[in-house]
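Throughout, protein chains are lettered first and strands after them, A, B, ... in sequence-line order, and every chain is numbered starting at 1. The figures that follow rest on heavy atoms only: side chains count, while hydrogens, waters and symmetry mates do not.
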There are 2 protein chains.
Amino acid sequence: MTAKRSGARSKRPQRISQWSQPAQEPRSEPPLSRERIVATAAELLDAHGVDGLTMRRLADRLGSGVMSLYWHVDNKEDVFDLALDAVLEYRGSPQTVQSQDWRGEVVHMLEDWRASMLRHPWSASLLPRRALGPNILSRLELLSKTLSRAGVADADLNVAIWSLWNYVMGATITRAGFDLSDDDRAAAQKRLEHLSERYPTIERCRLLLDDDWDGAFRKGLGFLLDGLSPK
Amino acid sequence: MTAKRSGARSKRPQRISQWSQPAQEPRSEPPLSRERIVATAAELLDAHGVDGLTMRRLADRLGSGVMSLYWHVDNKEDVFDLALDAVLEYRGSPQTVQSQDWRGEVVHMLEDWRASMLRHPWSASLLPRRALGPNILSRLELLSKTLSRAGVADADLNVAIWSLWNYVMGATITRAGFDLSDDDRAAAQKRLEHLSERYPTIERCRLLLDDDWDGAFRKGLGFLLDGLSPK
DNA sequence: CGATTGACTCGTACGACGTACGATGCAAAA
DNA sequence: TTTTGCATCGTACGTCGTACGAGTCAATCG
């Protein structure tokens, strides 16, 4: 299970530590910088979705020429990687150095993770196909440490971590995919008429209509942690 | 929780039942048809990935003009929807009408689902952003029925189904994202040197190096089912 | 039988896109 | 003053999805 891509950042004297702290403030105004590009890219992604980010639009918004971007950034993929990691920062549960409530700590981090991704719905679907940035690795490290301290056997640790990862990613991608906005409600309803005959159980429990996503996430996470808890 | 899109298939006298059985055999040769288009699209997707499917390439491979495709298909999104559902068919565990081994049945269906998606790695990342086709709905129906018969309370049924969905989707998308092929191994290894200091626990349990994806999937699924089992 | 229809094919063209390739400007160093 | 490097950007190329309308050909109809 290795991460991928992100080889050799080219030209530009390389930032001090390859991937350093990504964000600062937007500055006064004009001077182009990697930070400003990334921040603006994230805004554009929030506003117009994955397909709404184009190098031309990005340059427009920054008041620069399109090709100027390529001095600070390798290519569009690079912009995605940087914007993605910028959005996944975690300031842990403050200075509760190590509470004995490992379960609460795990739930807190995972719900925060999910919330961060839902605040930027493009991020969830991007994360699994990109290299793991430092911020997401920090979350994984925290998760490992907490579970380990909680008594999960080393042999089960990887499975536990990946199970939680899978659950969170699946839940968030699904949630972000079914976005509220559109008026597909009509089409969906029309489809449901056929459903009652062909998919009676789905219909009975109203699987596709329930919209308590947050509750379902929390409850399912509880079940999963029940299964993962050291016996 | 509603599905989305797939409104009004335009022109073309509409297929008998809107979404009928998608596949037949590739036919002798030339006559363009929705079935042939979808099958060829799936081949192209398997061979060249999501970005490798272009309407021009598709037409080339079919020996037709590009714009001819648009008689049978609304647009490129339509092609994705159709190809996606075509790949997700499930022929259940044969005529074990209803074994009492509900757990085995669930595991079998979910592993088959995952395997189907991994056979076509583009499918996993597409599924959450598209409308739910008939084949995936059938799987959900089967899942509902089995869990319900197993004694899962109606109040927990939705949560159980979505938890399993989330787990399978997360696992499969992640797996499909980290594709084996490339030579990023070098880059990944180089990165791991920094990791030992900054992410000791990850390093210790070799989280990113373990490549027993199948085993991890099965084991984690077991834990999740433990948590979901009616007490 | 000729005219009309409708199912189907496809060439051309348009406006996007990512980005390669120099040509520029401009500060600090020599 | 000249040189050097960072930083900016205009132009141009090849690719994409697809709108538009002109073509083909069999079945239908008067």
Side-chain angles (χ1 to χ4, degrees), chain A residues 5-16 27-38 40-41 44-45 47-84 122 126 129-130, chain B residues 5-16 27-38 40-41 44-45 47-84 122 126 129-130:
Chain A
R5 251 151 302 194
S6 127
R9 192 120 7 252
S10 80
K11 48 191 160 190
R12 262 276 297 234
Q14 306 266 6
R15 307 197 49 76
I16 16 169
R27 287 301 197 89
S28 59
E29 267 298 27
L32 218 42
S33 75
R34 194 194 282 238
E35 287 73 22
R36 234 165 66 79
I37 292 177
V38 171
T40 310
L44 238 36
L45 284 165
H48 302 106
V50 176
D51 296 334
L53 177 65
T54 65
M55 299 303 273
R56 284 173 229 261
R57 256 217 265 237
L58 187 49
D60 268 9
R61 181 87 88 120
L62 287 162
S64 80
V66 197
M67 294 312 294
S68 307
L69 303 178
Y70 287 87
W71 178 258
H72 305 270
V73 148
D74 278 0
N75 47 42
K76 198 184 179 185
E77 289 204 344
D78 206 12
V79 178
F80 278 130
D81 286 350
L82 263 7
L84 183 55
W122 46 273
L126 241 45
R129 352 180 216 181
R130 312 300 320 163
Chain B
R5 252 151 302 192
S6 122
R9 193 115 13 247
S10 80
K11 48 190 158 190
R12 264 275 298 229
Q14 306 267 6
R15 305 198 49 76
I16 18 170
R27 286 302 196 90
S28 58
E29 266 300 29
L32 217 43
S33 74
R34 194 196 282 239
E35 287 73 22
R36 232 164 69 78
I37 293 177
V38 171
T40 309
L44 238 37
L45 285 165
H48 301 106
V50 177
D51 296 333
L53 177 65
T54 65
M55 298 304 271
R56 284 173 230 262
R57 255 217 265 236
L58 187 49
D60 267 10
R61 181 87 88 120
L62 287 162
S64 79
V66 197
M67 294 313 292
S68 306
L69 302 178
Y70 286 87
W71 177 259
H72 304 269
V73 148
D74 277 1
N75 48 42
K76 198 185 179 184
E77 290 205 344
D78 206 12
V79 177
F80 279 130
D81 286 350
L82 263 8
L84 183 56
W122 46 272
L126 242 44
R129 357 179 211 180
R130 312 301 319 164

Figure out the CG/P separation between Leu58(A) and dC17(C), and round it to whole Å.
12 Å
Qualifying salt bridge (Lys or Arg N to Asp or Glu O under 4.0 Å) pairs, either residue in residues 63-73 of chain A, two or more places apart
none
For dT8(D), take OP1 and OP2 only and decide whether either is under 4.0 Å from a side-chain N or O of Ser64(A).
no
Could you state the interatomic distance from OG1 (Thr40(A)) to CG (Asp60(A)), rounded to the nearest 0.5 Å?
12.0 Å
Using a cut-off of less than 4.0 Å, is there contact between a side-chain N or O of His72(A) and OP1 or OP2 of dT8(D)?
yes
Taking only N/O atoms, report every protein-nucleotides 14-18 of chain D pair under 3.5 Å with atom names and distance.
from, atom 1, to, atom 2, distance (Å)
dG17(D), OP1, Lys76(B), NZ, 2.7
dG17(D), OP2, Met55(B), N, 3.0
dG17(D), N7, Arg56(B), NH2, 2.5
dG17(D), O6, Arg56(B), NH2, 2.8
dT18(D), OP2, Tyr70(B), OH, 2.8
dT18(D), OP2, Lys76(B), N, 3.0

Angle, rounded to 10°, between the helical axes spanning five pairs at each terminus of the helix from dC1(C)-dG30(D) to dA30(C)-dT1(D)?
30°
Starting at CG of Asp51(B) and ending at C1' of dG18(C), how long is that distance when rounded to a whole Å?
12 Å
Once you round it to whole Å, what is the distance between C1' of dC9(D) and CG of Leu32(A)?
11 Å
Say you draw a straight line from CZ of Arg34(B) to CG of Asp78(B); how long is it, rounded to the nearest 0.5 Å?
6.0 Å
When rounded to the nearest 0.5 angstrom, what is the spacing between NE2 in His72(A) and CZ in Arg36(A)?
9.5 Å
OP1 or OP2 of dC9(D) less than 4.0 angstrom from a side-chain nitrogen or oxygen of Ser68(A), does that happen here?
yes
Can you sort out the partners of Ser64(A) under side chain to side chain contact (heavy atoms under 4.5 Å, CB included), two or more places apart, ordered by chain and number?
Leu32(A), Ala59(A), Leu62(A), Ser68(A), Leu69(A)
State whether Trp71(A) places a side-chain N or O below 4.0 Å from either non-bridging phosphate oxygen (OP1 or OP2) of dT8(D).
no
The reported gap from CZ in Arg129(A) to CG in Asp81(A) (rounded to nearest 0.5 angstrom) is 11.5 Å
Those residues that, when tested against Arg56(A), pass salt bridge (charged side-chain N to carboxylate O under 4.0 Å, His left out) (two or more places apart)
none
Excluding sequence neighbours, so at least two apart, what forms salt bridge (charged side-chain N to carboxylate O under 4.0 Å, His left out) with Arg61(A)?
Glu43(A)
